[in-house]
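FYI, side chains are in, hydrogens and waters are out, and symmetry mates aren't considered; it's all heavy atoms of this structure. Note that this is a predicted model, so its numbers are computed, not measured.
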Amino acid sequence: MPEKRVTVASKVGLHARPAALVAKAAAAQPVAVTIAKAGSDPVAAGSVLNLMTLAAAFGDEVVISAEGEGADAAIDAVAELVATDLDAQ
């Protein structure tokens, strides 16, 4: 299963607005995208609630993964958002 490790760049972590933007992008992908923080089980990245309960803070490393046709592109799309300070936009 393809995966990518990314550092959370938003100052508030994956909470509120950043979580909503990441969830929207993940839900728009043709495959199911999951995200996990070290020591936790992966959760569906297309759910704002799942992202917020992950408690991924600024500077935390998360693992984004997906499986199936288009998985690499889906992972890259979600990873790009996680690695961007979405509060600055």
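Closest approach of A32 and A66 over heavy atoms only: O-CB, 3.4 Å. A pairwise comparison of heavy atoms in A16 and M52 identifies N-SD, 4.0 Å as the closest pair. When every heavy atom of V62 is checked against every heavy atom of A56, the shortest pair comes out as CG1-CB, 3.9 Å. Residues A36 and P42 approach most closely at CB-CA, 3.7 Å, considering heavy atoms. Between P18 and V12, the shortest heavy-atom distance links the atoms CG-CG2, 3.9 Å. Shortest non-hydrogen contact noted between V33 and A74 is CG2-CB, 3.9 Å.
Linking Ile, Leu, Val, Met, Phe, Trp and Tyr whenever their side-chain heavy atoms come within less than 4.5 Å leaves L51 and V48 in two separate clusters. Residue V43 is grouped with residue V8 when hydrophobic side chains (ILVMFWY) are merged at heavy-atom distances under 4.5 angstrom, including chains of intermediate members. L21 and L54 fall within the same hydrophobic cluster, defined by Ile, Leu, Val, Met, Phe, Trp and Tyr side-chain heavy atoms under 4.5 Å apart, directly or through other members.
Considering only heavy atoms from C-beta on, V22 comes within 4.5 Å of L14 through its side chain.
Here the straight-line distance linking atom CD1 of I75 with atom OG1 of T34 works out to 8.0 Å at 0.5 Å rounding.
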Exercise. Given V6 and I64, is the side-chain contact (heavy atoms from CB on, under 4.5 Å) satisfied, shown in steps?
Worked result: CA-CA 8 Å; V6 182; I64 302 166; 4.0 Å; yes

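Here D87 does not pair with K11 in a salt bridge; the nearest charged N to carboxylate O distance is not below 4.0 Å. Between K4 and D76 there is a salt bridge, with a side-chain nitrogen of the basic residue lying less than 4.0 Å from a carboxylate oxygen of the acidic one.
Around CD of E61, the count of heavy atoms belonging to other residues, nucleotides or ligands within 6.0 Å exceeds 12.
Checking side-chain atoms of S40 against main-chain N and O of K37 turns up a donor-acceptor pair under 3.5 Å.
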